[in-house]
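Working notes, beginning with the structure itself.
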Amino acid sequence: MSPDSNPGSPPPHSFVVHIPDADLEPEPLDPRQIVAGTPEVTGKVVWESADGRQVRGIWQITPGVVTDTEADELFVVISGSATVQVEGGPTLDVGPSDMAVLRAGDRTTWTVHETLRKAYAITL
């Protein structure tokens with residue numbers, strides 16, 4: 001089963017999503033987050049807990065530089081590459097098949113070299 005079969009509702013069963021060609025929806029960036037370039041973000045939530053604190057999805061960003069304040073997140077890069085600078089912390093170079101963990105409250109600067117697509121699990 002694909003979560004596309006009943007948009008807006010959690011799937012009633014376990015499911016699989018083919019991440020590389022999943023259809024994503026525009027998620028406009030706050031212009032204050034854009035540092036350089038004209039990056040565009042798209043994404044799709046494929047599962048969310050009843051209380052809204054657990055979110056699973058797919059996210060994509062085109063090349064450019066943006067800032068963000070992170071939630072607790074684990075993600076796996078499917079395609080593309082970026083350098084994520086964590087303020088007061090490490091610089092993470094991520095690319096296909098890399099898994100990364102971000103902590104809630106991390107202030108980050110993402111320099112996206114090639115359009116990056118990731119699968120993520122966030123805890124709010």
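Taking all atoms of both residues into account, the shortest heavy-atom contact from I19 to R117 is O-NH1, 2.7 Å. Contact between L124 and A71 at its shortest, heavy atoms only, is CD2-CB, 3.8 Å. Of all heavy-atom pairs spanning P39 and G37, the tightest one is CD-C, 3.3 Å. Residues Y120 and V45 come closest through the heavy atom pair OH-CG2, 3.8 Å. Nearest approach of P63 to T115, heavy atoms of both residues: CD-OG1, 3.4 Å.
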Which pairs would a plain distance check flag for residues 77-90, meaning a side-chain donor or acceptor within less than 3.5 Å of a matching protein atom at least two apart in sequence or in another chain?
| from | atom 1 | to | atom 2 | distance (Å) |
| --- | --- | --- | --- | --- |
| S81 | OG | E114 | OE2 | 3.2 |
| T83 | OG1 | D93 | OD1 | 2.8 |
| T83 | OG1 | H113 | NE2 | 2.8 |
| Q85 | OE1 | T91 | OG1 | 2.2 |
| Q85 | NE2 | G89 | O | 3.4 |

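The stretch residues 22-45 participates, sequence neighbours left out, in no ring pair (Phe, Tyr, Trp, His ring centres under 6.0 Å) pair at all. Legend: ring pair (Phe, Tyr, Trp, His ring centres under 6.0 Å) pairs involving residues 22-42, not counting sequence neighbours: none detected.
Each of V41 and V35 belongs to its own hydrophobic cluster when Ile, Leu, Val, Met, Phe, Trp and Tyr are linked at side-chain heavy-atom distances under 4.5 angstrom. A continuous path of ILVMFWY side-chain contacts below 4.5 Å connects I34 to W59, so both sit in one hydrophobic cluster. At a threshold of 4.5 Å between side-chain heavy atoms, the hydrophobic network of Ile, Leu, Val, Met, Phe, Trp and Tyr places W47 and V17 in one connected group.
The side-chain contact (heavy atoms from CB on, under 4.5 Å) test with L102 singles out one residue from L92, D68, T69, D72, and that residue is L92.
With sequence neighbours excluded, no residue satisfies side-chain hydrogen bond (donor to acceptor under 3.5 Å, both in side chains) with D21. Applying the side-chain hydrogen bond (donor to acceptor under 3.5 Å, both in side chains) test to R103 and every residue at least two apart in sequence or in another chain returns D106. Every residue two or more places apart in sequence or in another chain that forms a side-chain hydrogen bond (donor to acceptor under 3.5 Å, both in side chains) with W110 is listed here: E70, T108.
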Check the pair T62 / V112 against side chain to side chain contact (heavy atoms under 4.5 Å, CB included), numbers first and verdict last.
CA-CA 7 Å; T62 62; V112 181; over 6 Å; no

Kindly determine whether Q60 and E27 satisfy side chain to side chain contact (heavy atoms under 4.5 Å, CB included), including the steps that lead there.
CA-CA 9 Å; Q60 179 171 288; E27 294 181 1; over 6 Å; no

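Taken from CD1 in I61 to CG in L29, the straight-line distance is 5.5 Å, to the nearest 0.5 Å. Here the CD-OG1 distance, from Q33 to T67, works out to 5.5 Å after rounding to the nearest 0.5 Å. Rounded to the nearest 0.5 Å, atoms NZ (K118) and CG (D98) are 12.5 Å apart.
With respect to the salt-bridge test (charged N to carboxylate O, under 4.0 angstrom), the residues D51 and R53 do not qualify.
Looking only at distances, no side-chain donor or acceptor of T111 sits under 3.5 Å from a matching main-chain atom of V65.
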